[in-house]
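Take a look at the structure below.
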Amino acid sequence: MANSTNNTAWQQIQNGVYDTQKLLAAQEYNLSMIKAKQTLEIIIKQLSGRDDDDEQSITDIIDSLYTSNVISYDSFEHYHKIRSIGNKAILENNNEEFNATFACQLLSEEVQTFINEYAPRKTRVSPVVTPIRNDNSQKRTSGTSTEGTQRKRVVKKSSKNKKKPTVNTADLTKVIIGFVILIVLILLFRSLVPSKKKTNATNTTTTTAVSSDSTDTSETSAETAPETAASVKYVTTAKLHVRSSPSLDGDILATLNVGVSVDYAGEHDSTWSIINYNGGQAYVATAYIKPAQ
């Protein structure tokens with residue numbers, strides 16, 4: 001029963017990743033974010049060993065997995081980001097391409113982590129035995145004898161598991177096939193979505209060129225370096241939000257149309273860039289700006 005349950009869950013995870021990427025490619029961004037959150041919930045329930053009827057919220061379960069050292073801090077942050085984006089899609093009908101792409105990327109990374117790190121570790125842990133529900137009111141009153149019987153059953157199951165530490169070849173084959181399918185889907189997804197690495201490489205080259213120009217200019221005048229850096233112009237490649245902080249939770253200061261020129265001030269990290277805006281600094285997504293021609 002445990003193997004069939006795990007296989008069913010793994011099939012659901014595979015189908016969830018495939019549907020998320022398929023919806024993203026079809027520009028169904030709202031449904032793609034919701035599907036990413038639903039797939040994450042299946043992974044979380046596999047890691048926590050909880051049933052669908054548990055009343056504990058997904059937020060609490062994620063926090064519990066991290067505090068119990070079941071998942072890493074990176075997975076902890078990624079889980080919450082996918083959950084937050086999915087909630088915005090459900091509650092606010094959010095349909096932004098950036099959010100859908102970001103959630104799909106994080107989900108693909110965490111599925112790989114689940115396969116390579118968490119799933120193998122979970123197979124070595126004894127399965128959680130849930131108490132047997134008894135509808136007979138008379139047996140409920142005699143709780144002592146019932147609990148004793150259940151404990152004996154748990155002991156017998158665990159002893160059987162220890163006596164037969166065999167590997168199911170069929171299950172192992174299914175996992176390998178699933179992993180190969182996942183790799184193919186990821187490669188397909190990367191071919192459809194513009195690679196962020198190329199954008200980051202362009203930004204790095206531009207920043208290096210600006211830095212070298214500033215160094216040469218600083219030998220003649222100390223005041224010309226900031227003017228050169230401030231004069232770098234970028235243009236938007238999609239409809240883009242200007243935010244007060246480098247986060248999806250940052251306040252939206254403005255929304256720029258395609259082809260709008262912005263003053264590029266520097267790179268905050270691999271996802272966010274700093275621009276000069278209204279006498280101060282603001283943040284935009286690096287994937288949707290490029291140097292002006």
Side-chain angles (χ1 to χ4, degrees), residues 2-54 56-62 64-66 70-72 74-123 171-193 248:
N3 288 333
S4 61
T5 302
N6 291 334
N7 292 336
T8 302
W10 172 237
Q11 291 173 358
Q12 292 176 351
I13 293 172
Q14 286 181 294
N15 293 335
V17 175
Y18 176 78
D19 291 341
T20 300
Q21 296 173 348
K22 183 178 180 181
L23 290 170
L24 180 64
Q27 298 183 353
E28 296 287 347
Y29 303 130
N30 179 269
L31 296 178
S32 177
M33 290 182 280
I34 295 174
K35 178 58 68 174
K37 179 176 181 291
Q38 293 172 345
T39 306
L40 174 66
E41 291 175 353
I42 299 174
I43 296 175
I44 291 173
K45 288 172 182 176
Q46 283 296 299
L47 293 175
S48 63
R50 299 180 181 275
D51 296 328
D52 292 337
D53 57 356
D54 285 337
Q56 188 175 15
S57 68
I58 295 298
T59 302
D60 293 338
I61 297 177
I62 294 174
S64 176
L65 290 174
Y66 174 64
V70 177
I71 60 175
S72 65
D74 289 339
S75 294
F76 168 75
E77 281 197 328
H78 291 173
Y79 285 9
H80 275 304
K81 286 180 181 178
I82 297 172
R83 177 193 58 79
S84 176
I85 292 174
N87 287 341
K88 283 186 177 181
I90 296 172
L91 301 177
E92 302 175 11
N93 199 27
N94 184 274
N95 196 39
E96 294 185 10
E97 177 183 359
F98 176 80
N99 289 346
T101 303
F102 193 39
C104 186
Q105 178 182 356
L106 293 178
L107 178 64
S108 298
E109 293 177 1
E110 288 307 320
V111 168
Q112 288 190 23
T113 303
F114 176 78
I115 295 172
N116 297 331
E117 298 181 17
Y118 303 147
R121 185 192 315 166
K122 184 174 178 56
T123 57
D171 292 343
L172 181 60
T173 303
K174 290 180 180 179
V175 171
I176 294 175
I177 294 175
F179 180 76
V180 172
I181 293 174
L182 179 62
I183 295 299
V184 173
L185 292 177
I186 292 173
L187 293 176
L188 178 62
F189 169 70
R190 289 182 177 178
S191 65
L192 295 176
V193 180
L248 294 177

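Numbering of residues begins at 1 and proceeds along the displayed sequence.
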> Which pair of heavy atoms, one from Leu192 and one from Ala25, lies closest together, and at what distance?
Replying inline: CD1-CB, 3.9 Å

>> If you apply the rule side chain to side chain contact (heavy atoms under 4.5 Å, CB included), what do you find for Gln46 with Phe114, and how did you get there?
In response: CA-CA 10 Å; Gln46 283 296 299; Phe114 176 78; 4.2 Å; yes

> Out of curiosity, Met33 CE to Arg83 CZ, how far, rounded to the nearest 0.5 Å?
Replying inline: 15.0 Å

> Quick check: does any side chain N or O of Ser75 sit under 3.5 Å from a backbone N or O of Ile71, one acting as donor and the other as acceptor?
Replying inline: no

>> Let me confirm one number: the CD1-CG distance from Ile58 to Asn87, rounded to the nearest 0.5 Å.
In response: 9.5 Å

>> Can you tell me which residue among Ile44, Ile82, Asn15, Leu107 is in a side-chain contact (heavy atoms from CB on, under 4.5 Å) with Thr39?
In response: Leu107

> What residues, two or more places apart in sequence or in another chain, satisfy side chain to side chain contact (heavy atoms under 4.5 Å, CB included) together with Asp74?
Replying inline: Ser72

> How are the rings of Phe102 and Phe98 set to each other: parallel, tilted or perpendicular (split at 30° and 60°)?
Replying inline: parallel

> Of the non-hydrogen atoms in Leu24 and Ala100, which two are nearest, and what is the gap between them?
Replying inline: CD1-CB, 3.7 Å

> So, do Ile181 and Tyr18 sit near enough that their side-chain heavy atoms are less than 4.5 Å apart?
Replying inline: no

> Taking atom OG of Ser108 and atom CG of Leu182, what is their separation to the nearest 0.5 Å?
Replying inline: 7.0 Å

> Of all heavy-atom pairs between Glu96 and Tyr29, which one has the smallest distance, and what is that distance?
Replying inline: O-CB, 3.9 Å

> CD1 of Ile43 to CH2 of Trp10: how many Å apart, nearest 0.5 Å?
Replying inline: 8.5 Å

> Going from CD on Gln27 to CG on Asn95, what distance comes out if it is rounded to the nearest 0.5 angstrom?
Replying inline: 9.5 Å

>> Hydrogens and angles aside, do Asn94 and Asn30 bring a side-chain donor and acceptor to less than 3.5 Å of each other?
In response: no

> Looking only at side chains, do Ser57 and Asp60 share a donor and an acceptor under 3.5 Å apart?
Replying inline: yes

> Stepwise, does the side chain to side chain contact (heavy atoms under 4.5 Å, CB included) test hold for Tyr66 with Ile62?
Replying inline: CA-CA 6 Å; Tyr66 174 64; Ile62 294 174; 5.8 Å; no

>> According to salt bridge (charged side-chain N to carboxylate O under 4.0 Å, His left out), does anything in residues 17-37 pair up with another residue at least two apart or in another chain? List the pairs.
In response: Lys37-Glu41

> Short question: side chain of Thr20, backbone of Cys104 - any donor-acceptor pair under 3.5 Å?
Replying inline: no

> side chain to side chain contact (heavy atoms under 4.5 Å, CB included) between Leu40 and Tyr79: does it pass, once the steps are laid out?
Replying inline: CA-CA 7 Å; Leu40 174 66; Tyr79 285 9; 3.5 Å; yes

>> Taking the side chain as everything from C-beta on, heavy atoms only, tell me whether Leu65 gets closer than 4.5 Å to Ser48.
In response: yes

> Going by heavy atoms in the side chains, are Val17 and Phe189 under 4.5 Å from each other?
Replying inline: no

> To the nearest 0.5 Å, how far apart are CD1 in Ile34 and NZ in Lys88?
Replying inline: 14.5 Å

>> If you apply the rule side chain to side chain contact (heavy atoms under 4.5 Å, CB included), what do you find for His78 with Glu109, and how did you get there?
In response: CA-CA 9 Å; His78 291 173; Glu109 293 177 1; 3.6 Å; yes

